Amino acid sequence: MQPNPIDLARRAKVFKALGHPSRLLMVEALGSGEKCVCELRELVGSDISTISKHLSVLKEAGIVHDDRRGTNIYYSLRMQCVTGFLSCVRRFFDQQLEEQFLYLEDLRKQARS
């Protein structure tokens, strides 16, 4: 079965949206529940226009959605499964680090022998 080019482009858009450290930080924070823009600004430490741009990219990719309440805008995850993927990636790198640590320990033991 041939991959659908439109489907591939949509999936690539999600990965591209996740391809910035500030956006990853926001998505991980939203994994624990909705946050207002002001909370996300404090978390990332950027100005409001930069945060808005990042949120726009995430929203366009379908990862988050917003809810306007009075003068505040709250964001939450629309794509809940993204947190599982990010946890998988984190576990992978933790495992790699552990393997490197064990390898170095083996090298030290061999050097002492």
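What you see is a predicted model, and the numbers here were worked out from it, not measured in a lab.
- The neighbour count for L8 CG, taken as heavy atoms of other residues, nucleotides or ligands under 6.0 Å away, is above 12.
- Looking at heavy atoms from C-beta onward, N72 lies out of side-chain contact with V37 at the 4.5 angstrom threshold.
- One finds the CG atom of D106 at 10.5 Å from the CZ atom of F101 (value rounded to the nearest 0.5 Å).
- Donor-acceptor pairing under 3.5 Å is recorded for the side chains of Q95 and E99.
- Residues Y75 and M79 fall within the same hydrophobic cluster, defined by Ile, Leu, Val, Met, Phe, Trp and Tyr side chains chained together at heavy-atom separations under 4.5 Å.
- In this structure, SG in C36 is found 13.0 Å from CG in D66, a value given to the nearest 0.5 Å.
- By the criterion of side-chain heavy atoms lying less than 4.5 angstrom apart, applied directly or through intervening Ile, Leu, Val, Met, Phe, Trp or Tyr residues, I73 is grouped together with I51 in one hydrophobic cluster.
- We find that R11 and D7 are joined by a salt bridge, their nearest charged nitrogen and carboxylate oxygen being less than 4.0 Å apart.
- Hydrophobic clustering keeps Y74 apart from V64 (ILVMFWY residues linked when any side-chain heavy atoms are closer than 4.5 Å, directly or through intermediates).
- Of the residues K53, K13, R78, K16, the one that meets the salt bridge (charged side-chain N to carboxylate O under 4.0 Å, His left out) test with E60 is K13.
- Cluster annotation: V82 and F15 are assigned to the same hydrophobic cluster (Ile/Leu/Val/Met/Phe/Trp/Tyr, side-chain heavy-atom contacts under 4.5 Å, transitive).
- For residues 29-46, every residue pair satisfying the salt bridge (charged side-chain N to carboxylate O under 4.0 Å, His left out) rule, not counting sequence neighbours, is listed here: E34-R69.
- One N or O on the side chain of S52 and one on the backbone of I48 form a donor-acceptor pair closer than 3.5 Å.
- Remark: L86 CG to C81 SG distance equals 9.5 Å, nearest 0.5 Å.
- Taking 4.5 Å as the limit, some side-chain heavy atom of I63 sits within range of a side-chain heavy atom of L77.
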